[in-house]
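Take a look at the structure below.
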Number of protein chains: 2
Amino acid sequence: MPSNNNYAVESERLEEARNRFITEIAKNIHLYNITPSAGRLYGTVFFSEEPMTLDEMSKALGMSKTSMSTGIRSLLDANMVERVWERGIRKDLYKVEDDWYKSFSNVFINRWRNATELNMSAIQETKEMLYQLRQETTFKDISKKIDTDIEKLTEAENYYHWLTDVIALFETGKIFDIVPKRRDLTKGKNI
Amino acid sequence: MPSNNNYAVESERLEEARNRFITEIAKNIHLYNITPSAGRLYGTVFFSEEPMTLDEMSKALGMSKTSMSTGIRSLLDANMVERVWERGIRKDLYKVEDDWYKSFSNVFINRWRNATELNMSAIQETKEMLYQLRQETTFKDISKKIDTDIEKLTEAENYYHWLTDVIALFETGKIFDIVPKRRDLTKGKNI
DNA sequence: AAGTTTGTTCAGTTAAAACTGTACATAATA
DNA sequence: TATTATGTACAGTTTTAACTGAACAAACTT
């Protein structure tokens with residue numbers, strides 16, 4: 001066993017500490033629709049002192065460059081990393097988006113708004129089909145079922161309207177008036 | 001081909017209309033950490049006139065009872081369906097939770113709070129490890145990296161504090177003061 | 001208590017997603 | 001223009017998740 005005051009050993013300890021956080025990120029990042037592997041990738045780039053290339057990521061994680069490419073793309077789509085340029089470097093460089101509020105909002109907005117819109121269209125279409133059928137049918141039983149269905153769908157529609165409003169809260173940034181960003185408490189200054 | 005004013009044909013059209021919505025639900029329900037199959041299950045129970053048993057679900061979806069059991073449990077955990085009792089019926093009966101606002105809030109709160117807490121603990125622990133290492137190390141290079149890491153982690157911590165506050169908005173129901181529930185506009189009465 | 005009914009556990013199977021290496025397309029360099 | 005470097009598409013493989021049927025356990029019925 002090497003002695004404790006050894007650079008390699010301490011670097012290893014630093015790596016371990018970072019790894020504690022990276023592992024947790026990887027576990028929970030599925031909430032952003034990101035795979036655990038891409039989560040580890042995110043963590044790695046997060047701690048990196050410099051923007052990283054695909055080759056560096058590949059080496060750091062012991063995974064194929066192809067995986068790095070698709071992984072970084074999913075992080076890019078979620079606005080969790082960004083591409084940066086440095087003169088003289090041909091390779092693509094990536095760093096984490098440091099505004100986590102923005103990342104969260106982006107993911108939240110995109111995912112929920114998309115789903116909400118699709119669901120609302122589906123409700124509209126379903127209602128159309130039901131209205132038409134109700135006009136044509138002569139069976140009391142059928143039209144009764146249709147009426148119940150339409151009522152349920154309208155209820156759902158109200159909910160989606162509300163959800164749209166909630167999403168707008170994040171989209172417009174009004175959420176930050178209601179729930180202010182936290183300032184760095186350790187720094188003492190509270191501008 | 002059977003004539004148009006035929007009960008079976010119109011029932012089929014009703015089924016088709018319902019299916020339009022069910023299919024869309026199934027596609028987007030992964031946002032609630034629910035599988036598409038369980039999503040179809042949800043849709044089926046949603047339109048059912050009566051609370052359903054596992055056997056009825058199994059028949060309606062053409063899937064095994066085991067799948068219905070696990071599917072309904074995931075919906076139950078997400079507070080999207082609830083169990084109801086009817087005298088004289090031994091089988092478990094399920095209906096959808098009709099307060100969609102509650103369902104959404106529940107899912108949102110549980111998923112994000114859990115992840116947030118785990119990530120915050122990880123940050124704490126990582127910081128502890130880093131503080132310790134910084135006290136012990138003599139290498140300027142190492143302690144510089146540590147300082148940068150701690151700064152990044154503190155930034156992340158602030159974000160998680162903010163997220164906790166946002167979650168509390170839904171937990172306490174204060175969100176409904178800010179974004180009021182939509183009333184059923186078609187009914188005309190606006191109490 | 002014996003016999004049913006009902007939901008769930010578990011092992012095995014099938015289906016889906018993640019990952020890899022090769023081959024290719026594009027762009028930079030000489 | 002020829003050569004080299006770099007990221008991505010694609011086909012095949014591995015890993016993970018979903019699904020099923022049989023066996024079991026708990027509760028109800030008689």
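Numbers restart at 1 for each chain; the letters A, B, ... are given by sequence-line order, proteins then strands.
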Of A:Gly88 and A:Ser37, the one whose closest DNA chain C nucleotide lies more 5' |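 With A:Gly88 and A:Ser37 compared, the 5'-side residue is A:Ser37.
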
Gap between atoms [atom1] and [atom2], on [X] and [N] respectively (whole Å):
X: B:Ile34; N: D:dA18; atom1: CD1; atom2: C1'; answer: 14 Å
X: B:Met68; N: D:dC19; atom1: CE; atom2: C1'; answer: 10 Å
X: A:Arg73; N: D:dA9; atom1: CZ; atom2: C1'; answer: 10 Å
X: A:Arg90; N: C:dT26; atom1: CZ; atom2: C1'; answer: 11 Å
X: A:Leu61; N: C:dC19; atom1: CG; atom2: P; answer: 11 Å
X: B:Leu41; N: D:dC19; atom1: CG; atom2: C1'; answer: 14 Å
X: A:Arg40; N: C:dA18; atom1: CZ; atom2: C1'; answer: 16 Å
X: A:Ile89; N: D:dT6; atom1: CD1; atom2: P; answer: 10 Å

Could you tell me the separation between the CG atom of B:Asn79 and the CH2 atom of B:Trp100, rounded to the nearest 0.5 Å?
-> 14.5 Å

For the pair A:Glu49 and A:Arg18, find out whether any cationic side-chain nitrogen is under 4.0 Å from an anionic carboxylate oxygen.
-> yes

With no hydrogens and no angle check, do the side chains of B:Glu10 and A:Thr137 hold a donor and an acceptor under 3.5 Å apart?
-> yes

Measure from NZ or CZ of B:Lys181 to the centre of the six-membered ring of B:Tyr101 and say whether it is under 6.0 Å with the direction within 45° of the ring axis.
-> yes

Is there a donor on the side chain of A:Ser64 or the base of C:dG21 sitting less than 3.5 Å from an acceptor on the other?
->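 Side chain to base: no pair present.
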
Using a cut-off of less than 4.0 Å, is there contact between a side-chain N or O of [X] and OP1 or OP2 of [N]?
X: A:Lys65; N: D:dG7; result: yes
X: A:Ser67; N: C:dT20; result: yes
X: B:Ser69; N: C:dT8; result: yes

Would you mind telling me which of [options] lies closest to the side-chain atoms of [X]?
X: B:Leu54; options: D:dC10, C:dG7, D:dA18; answer: C:dG7
X: A:Thr66; options: C:dT22, D:dG7, C:dT29; answer: C:dT22
X: B:Met63; options: D:dT20, C:dT9, C:dA18; answer: D:dT20
X: B:Thr35; options: D:dA18, C:dT29, D:dA27; answer: D:dA18

Only one of B:Val166, B:Ile167, B:Thr172 passes side-chain contact (heavy atoms from CB on, under 4.5 Å) with B:Phe170, and that residue is B:Val166

